[in-house]
Amino acid sequence: MRRIMLTVAYDGTAYHGWQRQPDKNSIEDRLDDCLSRLLKEPVRVIGASRTDAGVHALGNIAVFDTNARMEAEKFSYALNQGLPEDIRIRASREVPADFHPRKTDSVKTYEYHILNEEFPNPVERLYSYFCYVPLDADRMDQAARLLEGEHDFQSFCSAGAQVESTVRTIYSCTVRREGVRLVIRIRGNGFLYNMVRIIAGTLMEIGRGKYPPERITDILEAGDRRAAGPTAPAKGLVLVSYDFPVFSEKNG
């Protein structure tokens, strides 16, 4: 039995998130259906990140097991022939049979996109959050950098999340302005439920002047979801990449 890893990109607009759900259209469902038709055997993928409804991805990861002899690199081409246009496999490779994307050390990169101008842009409506209130990107960037390092991010986790620990490490968190667009970019070893969207909502509160950048430290210390800002809408969030150091070490 071989284990194949897929790098998956998708527009999450039409889907109820990554994870399969009864009577719901999900990314996992579409991958399972396409693989099962291609290989003529039941296939169920294991996903790395269970993104929410409306969240997009350039580099989510999934693995599946098969006895098929097809070259690993060819799966991406074959699957793209049968997948809907809003899902594409960007790469495929064989990995060790015991590799599990959620149980292997990884570095995840997310971006949150904000359209910050007077009127909405219909072309951007599915891929960014519109905010007409002027946002100070420098203040937001100052606040974002206070999130870097190892912290207890309980204040940035939606209530009811079932996790053993709310401690995570953020390697970098920045905010940059690109014309009328603001991009929050965050890299870390793991993220709690809705964590990036809550961070985005909190940084926007700081950007519009409601709090000083230093408020981030108080929010972290509070350990209470009520201390942070609102959860930003899903459509502005993109899972940019999922990197596994174990593969880089072997290649290096």
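Here the CZ atom belonging to Phe64 is positioned 6.0 Å from the CG atom belonging to Leu39, to the nearest 0.5 angstrom. To the nearest 0.5 Å, the span separating CD1 on Ile199 from CD1 on Ile184 amounts to 8.5 Å. Atom CG of Leu237 sits about 10.0 Å away from atom CD of Glu111, to the nearest 0.5 Å. Here the CE-CD distance, from Met70 to Glu94, works out to 13.0 Å after rounding to the nearest 0.5 Å. From Ile206, atom CD1 reaches atom CG of Leu135 across 11.5 Å, with rounding to the nearest 0.5 Å. Note: Thr166 OG1 to Met195 CE = 9.5 Å, rounded to the nearest 0.5 Å.
The shortest heavy-atom contact between Ala72 and Ile4 is CB-CD1, 4.0 Å. Considering all non-hydrogen atoms of both residues, Pro101 and Tyr242 come closest at O-CE2, 4.2 Å. For the residue pair Leu146 and Leu220, the shortest heavy atom distance occurs at O-CD1, 4.0 Å. The two residues Met5 and Phe244 come nearest to each other via the heavy atoms SD-CE1, 4.3 Å. In terms of heavy atoms, Ser128 sits closest to Glu124 at OG-O, 3.0 Å. For the residue pair Asp141 and Val175, the shortest heavy atom distance occurs at OD1-N, 2.9 Å.
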Worked verdict on Phe156 versus Tyr193 for side chain to side chain contact (heavy atoms under 4.5 Å, CB included):
CA-CA 8 Å; Phe156 294 94; Tyr193 182 49; over 6 Å; no
Let me see the working for Arg187 and Ser172 under side chain to side chain contact (heavy atoms under 4.5 Å, CB included), right down to the final yes or no.
CA-CA 5 Å; Arg187 297 176 70 249; Ser172 64; 3.6 Å; yes
Start with the C-alpha gap between Gln81 and Leu38, add the side-chain angles, then the distance that decides, and say whether side chain to side chain contact (heavy atoms under 4.5 Å, CB included) holds.
CA-CA 10 Å; Gln81 297 299 312; Leu38 175 67; over 6 Å; no
Go through Thr109 and Ile186 one step at a time and tell me if the side chain to side chain contact (heavy atoms under 4.5 Å, CB included) criterion holds.
CA-CA 6 Å; Thr109 303; Ile186 182 167; over 6 Å; no
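Under the side-chain hydrogen bond (donor to acceptor under 3.5 Å, both in side chains) rule, Tyr15 has a single partner from Asp86, Asn25, Thr51, which is Asp86. Under the side-chain hydrogen bond (donor to acceptor under 3.5 Å, both in side chains) rule, Asp65 has a single partner from Arg3, Arg44, Arg2, which is Arg3. Remark: of the listed residues Arg208, Arg176, Glu205, Met204, Met204 is the sole one forming a side-chain contact (heavy atoms from CB on, under 4.5 Å) with Met140. Checked options Tyr10, Tyr112, Tyr127; the residue passing with His56 is Tyr127 (criterion: ring pair (Phe, Tyr, Trp, His ring centres under 6.0 Å)).
Shown here is Glu178, whose CD atom has more than 12 heavy atoms of other residues, nucleotides or ligands within 6.0 Å. Counting heavy atoms of neighbouring residues, nucleotides and ligands inside a 6.0 Å radius, atom OH of Tyr77 does not exceed 12 of them.
Looking only at side-chain heavy atoms (C-beta outward), Arg139 and Leu203 stay at 4.5 Å or farther from each other. For the pair Ser49/Trp18, no side-chain contact is recorded, criterion being any heavy-atom separation below 4.5 Å from C-beta on. Residues Ile89 and Leu31 have side chains in contact (heavy-atom distance under 4.5 Å, counting atoms from C-beta outward). Counting heavy atoms from C-beta on, the side chains of Thr7 and Ile61 come closer than 4.5 Å. Between Leu192 and Val163 there is a side-chain heavy-atom pair separated by less than 4.5 Å. When side chains are defined from C-beta on, Thr66 does not count as touching Val43, because their heavy atoms never get closer than 4.5 Å. Glu117 places none of its side-chain heavy atoms less than 4.5 Å from the side chain of Arg181. Put simply, the side chain of Val63 does not reach to within 4.5 Å of the side chain of His100, judged on heavy atoms.
Here Tyr129 and His113 keep their ring centres 6.0 angstrom or further from each other. Taking the six-membered ring for Trp and the full ring otherwise, the centers of Phe99 and Phe247 sit less than 6.0 Å from each other.
If you chain together hydrophobic residues whose side chains sit under 4.5 Å apart, Ile87 and Leu239 never meet in one group. Residues Val55 and Val238 are members of separate hydrophobic clusters, defined by side-chain heavy-atom contacts under 4.5 angstrom among Ile, Leu, Val, Met, Phe, Trp and Tyr. In the hydrophobic clustering of this structure, Leu58 does not group with Val183; members are Ile, Leu, Val, Met, Phe, Trp, Tyr whose side-chain heavy atoms approach within less than 4.5 Å, directly or through other members. Cluster membership for Leu147 and Tyr211, using ILVMFWY side-chain heavy atoms within less than 4.5 angstrom, is shared.
Between the side chain of Asn189 and the main chain of Thr169, a donor-acceptor pair closer than 3.5 Å is present. With hydrogens and angles disregarded, no donor-acceptor distance shorter than 3.5 Å links the side chain of Arg168 to the backbone of Gly149. In terms of modelled atom types and a separation under 3.5 Å, the side chain of Ser92 and the main chain of Ser76 share a donor-acceptor contact. With Asn116 contributing its side chain and Val133 its backbone, the two residues share a donor-acceptor pair below 3.5 Å. With hydrogens and angles ignored, the 3.5 Å screen pairs no side-chain donor or acceptor of Arg102 with any backbone N or O of Ala48. For Gln21 (side chain) and His16 (main-chain N/O), a donor-acceptor pair under 3.5 Å exists by modelled atom type. Of the possible donor and acceptor atoms, one in the side chain of Lys235 sits under 3.5 Å from a partner among the backbone N and O of Arg125. Between the side chain of Ser155 and the backbone N or O of Asp224 there is at least one donor-acceptor pair closer than 3.5 Å.
Contact check on Arg30 versus Glu28 returns no salt bridge, with no Lys/Arg side-chain nitrogen under 4.0 Å from an Asp/Glu carboxylate oxygen. The residues Arg37 and Asp33 are annotated as not salt-bridged, no charged nitrogen and carboxylate oxygen being separated by less than 4.0 angstrom. Ionic pairing of Asp32 and Arg20 is present here: one or more N-O contacts between side-chain nitrogen and carboxylate oxygen are shorter than 4.0 angstrom. Under 4.0 Å is where a charged nitrogen must lie from a carboxylate oxygen, and between Arg197 and Asp52 at least one such pair does.
Between Tyr110 and Phe191, the ring planes are perpendicular. Angles over 60° get that label, and only those under 30° would be called parallel. Classification of the Phe153-His151 ring pair by plane angle, with boundaries at 30° and 60°, yields perpendicular.
Ser26 and Arg50 share no donor-acceptor pair across their side chains, judged by distance under 3.5 Å alone.
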